[in-house]
Colleague: 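Structure incoming, see below.
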2 protein chains.
Amino acid sequence: MRYSHKLSDAVHILAYVEIYHDDDLSSMAIAQSVESNPGLVRRLMAALRAAGLLATQRGTAAPEITRDPADISLLDIYRAVETNDHLLHIDDKTNPQCIVGGNIQETLREAYATVQTAAETQMATITLASLIADIRQREQQRTQS
Amino acid sequence: MRYSHKLSDAVHILAYVEIYHDDDLSSMAIAQSVESNPGLVRRLMAALRAAGLLATQRGTAAPEITRDPADISLLDIYRAVETNDHLLHIDDKTNPQCIVGGNIQETLREAYATVQTAAETQMATITLASLIADIRQREQQRTQS
DNA sequence: TTTGATGTTATCTTTAAAGTAACAACTAGT
DNA sequence: ACTAGTTGTTACTTTAAAGATAACATCAAA
């Protein structure tokens with residue numbers, strides 16, 4: 001398949017809503033910033049809404065972030081939009097008659113879980129607020145030079 | 001795309017070579033344990049050979065692991081076979097005219113790199129020897145009950 | 001020399017994600 | 001109420017990366 005950009009796009013949407021809160025926040029406008037399409041933006045916003053991170057409404061009302069960005073972690077966003085939340089994947093069809101094939105799945109499942117936990121622990125330390133601050137800082141440096 | 005099972009399959013191959021070192025180690029035999037096909041097994045073995053983890057030869061010679069399994073980490077295997085070694089992906093087409101679109105790529109690249117490092121640090125602590133030991137232990141428990 | 005397995009490459013198939021489109025549902029303004 | 005405009009949702013199409021399959025040259029060993 002293609003690689004998923006959902007997490008990146010979801011961060012993009014949230015940052016956009018925060019930074020451009022007084023401008024046009026239609027799915028069309030956001031899609032132009034993401035260089036994607038309004039349908040995808042709305043689907044991602046639905047996932048963020050389901051996770052309790054974003055409030056949206058039909059009609060012209062602007063979406064709003066429902067929690068303090070300092071209390072929203074990259075992990076929260078990751079879990080909200082990545083339906084497949086495993087970073088490493090096990091081939092679950094191995095020959096059970098073989099010492100290796102019959103046991104490797106559980107062995108790897110355990111090993112991969114520790115890797116997943118390490119990654120998620122790191123994701124939990126990164127907040128939406130810090131990402132937005134970083135975006136703003138880079139913009140400042142860009143416009144100064 | 002499909003999810004990659006290369007890492008799992010590569011561990012499977014190495015464990016198989018170690019555990020069945022006195023039996024048939026043809027790509028055909030290994031493929032039956034992986035429930036895959038000989039072509040894929042040979043391609044993965046080629047990657048492991050290129051990384052200096054496995055010695056193979058044409059003809060009937062059995063492949064051999066070239067380093068002490070206690071000195072081969074999951075990270076070594078990961079780097080040997082995963083051509084795409086990024087766990088999280090950035091959508092690299094965003095609108096540069098926008099504060100978010102113009103800066104989020106670098107922001108996320110940095111954030112994702114810390115997540116990648118956390119995952120790889122954990123992978124480095126897991127050795128092929130420990131994985132094989134775990135497989136053997138599970139097999140013992142299976143045959144006892 | 002023969003046999004048989006590997007090394008390598010090319011092509012087809014599969015699958016999950018993104019792109020596209022359509023339309024019902026709802027909100028706000030008139 | 002009615003209209004305009006946007007969201008929410010779903011179905012379908014396209015794309016891309018991985019795996020499956022196959023073919024064959026290459027080499028090692030008997």
Side-chain angles (χ1 to χ4, degrees), chain A residues 1-10 12-13 16-17 23-51 54-64 78 80-94, chain B residues 1-10 12-13 16-17 20 23-32 34-51 54-64 78 80-94:
Chain A
M1 63 186 165
R2 300 181 177 182
Y3 296 120
S4 171
H5 301 134
K6 284 186 211 166
L7 177 58
S8 296
D9 289 347
H12 193 134
I13 290 167
Y16 195 95
V17 168
D23 295 292
D24 181 5
L25 291 183
S26 66
S27 60
M28 187 64 187
I30 298 175
Q32 280 172 357
S33 175
V34 180
E35 293 200 350
S36 176
N37 58 78
L40 176 64
V41 170
R42 291 206 290 271
R43 264 178 295 182
L44 285 171
M45 286 172 91
L48 293 170
R49 176 164 42 77
L54 192 69
T56 64
Q57 277 182 1
R58 288 182 203 269
T60 51
E64 275 179 45
Y78 173 75
V81 297
E82 290 291 350
T83 46
N84 146 49
D85 56 356
H86 290 282
L87 296 170
L88 298 174
H89 300 279
I90 295 169
D91 184 0
D92 47 20
K93 269 191 184 176
T94 53
Chain B
M1 62 186 168
R2 302 180 177 181
Y3 297 119
S4 171
H5 301 134
K6 284 185 212 167
L7 177 58
S8 296
D9 289 347
H12 194 134
I13 291 168
Y16 195 95
V17 168
Y20 288 103
D23 294 293
D24 181 5
L25 291 183
S26 66
S27 60
M28 188 64 188
I30 299 175
Q32 280 173 355
V34 180
E35 292 200 352
S36 175
N37 58 78
L40 176 64
V41 170
R42 291 206 290 270
R43 264 178 297 180
L44 285 172
M45 286 172 91
L48 292 170
R49 177 164 41 78
L54 192 70
T56 63
Q57 279 182 359
R58 288 182 202 270
T60 50
E64 277 180 42
Y78 173 74
V81 297
E82 288 291 349
T83 47
N84 146 49
D85 55 356
H86 290 282
L87 295 170
L88 298 174
H89 299 279
I90 294 169
D91 184 0
D92 47 21
K93 268 190 187 178
T94 54

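Throughout, protein chains are lettered first and strands after them, A, B, ... in sequence-line order, and every chain is numbered starting at 1. Since the structure is predicted, the reported quantities are computational estimates derived from the model, not experimental observations.
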Colleague: Excluding sequence neighbours, so at least two apart, what forms side chain to side chain donor-acceptor pair (under 3.5 Å) with A:R43?
Modeller: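 Partners of A:R43 under the side chain to side chain donor-acceptor pair (under 3.5 Å) test: none.
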
Colleague: For A:A62, check side chain to side chain contact (heavy atoms under 4.5 Å, CB included) against everything at least two apart and list the hits.
Modeller: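 If we apply the side chain to side chain contact (heavy atoms under 4.5 Å, CB included) test to A:A62, skipping adjacent residues, the hits are A:L25.
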
Colleague: Using atom NE2 of B:H5 as one end and atom C1' of C:dT14 as the other, report the distance to the nearest whole Å.
Modeller: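 Interatomic distance, NE2 of B:H5 to C1' of C:dT14: 12 Å.
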
Colleague: What pairs with A:E64 under side chain to side chain contact (heavy atoms under 4.5 Å, CB included), at least two apart in sequence or on another chain?
Modeller: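 None.
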
Colleague: Report the distance from atom CG of B:N37 to atom P of C:dT11, rounded to the nearest whole Å.
Modeller: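 Those two atoms, CG and P, are 18 Å apart.
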
Colleague: C:dA17 P sits how many Å from A:D9 CG, rounded?
Modeller: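 Rounded to whole Å, this separation is 13 Å.
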
Colleague: Quick one: side chain to side chain donor-acceptor pair (under 3.5 Å) partners of B:D85, sequence neighbours excluded?
Modeller: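 Partners of B:D85 under the side chain to side chain donor-acceptor pair (under 3.5 Å) test: none.
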
Colleague: Parallel, tilted or perpendicular, judged at 30° and 60°: which one describes the rings of A:H89 and B:Y3?
Modeller: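 Taking B:Y3 first and then A:H89, their aromatic rings lie parallel (interplane angle under 30°).
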
Colleague: Taking only residues two or more places apart in sequence or in another chain, which ones pass side chain to side chain donor-acceptor pair (under 3.5 Å) with B:Q57?
Modeller: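 B:Q57 satisfies side chain to side chain donor-acceptor pair (under 3.5 Å) with no other residue.
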
Colleague: Taking only N/O atoms, report every protein-nucleotides 6-8 of chain C pair under 3.5 Å with atom names and distance.
Modeller:
residue: C:dT6; atom: OP1; partner: B:S27; partner atom: N; Å: 2.7
residue: C:dT6; atom: OP2; partner: B:S27; partner atom: OG; Å: 2.7
residue: C:dT6; atom: O3'; partner: B:Q57; partner atom: O; Å: 3.4
residue: C:dT6; atom: O2; partner: B:R58; partner atom: NH1; Å: 3.1
residue: C:dG7; atom: OP1; partner: B:T56; partner atom: OG1; Å: 2.4
residue: C:dG7; atom: O4'; partner: B:R58; partner atom: NH1; Å: 3.1
residue: C:dG7; atom: N7; partner: B:R42; partner atom: NE; Å: 2.9
residue: C:dG7; atom: O6; partner: B:R42; partner atom: NH2; Å: 3.1
residue: C:dT8; atom: OP2; partner: B:R49; partner atom: NH2; Å: 3.2

Colleague: For B:R58, what residues pass the side chain to side chain donor-acceptor pair (under 3.5 Å) criterion, not counting sequence neighbours?
Modeller: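 Applying side chain to side chain donor-acceptor pair (under 3.5 Å) to B:R58 gives none.
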
Colleague: Quick one: list whatever passes side chain to side chain contact (heavy atoms under 4.5 Å, CB included) with B:N37, sequence neighbours left out.
Modeller: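 Partners of B:N37 under the side chain to side chain contact (heavy atoms under 4.5 Å, CB included) test: B:L40.
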
Colleague: Could you tell me from which nucleotide to which nucleotide of DNA chain D, 5' to 3', there is an atom under 4.0 Å from chain A heavy atoms?
Modeller: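 First and last nucleotides in contact are D:dG5 to D:dA18.
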
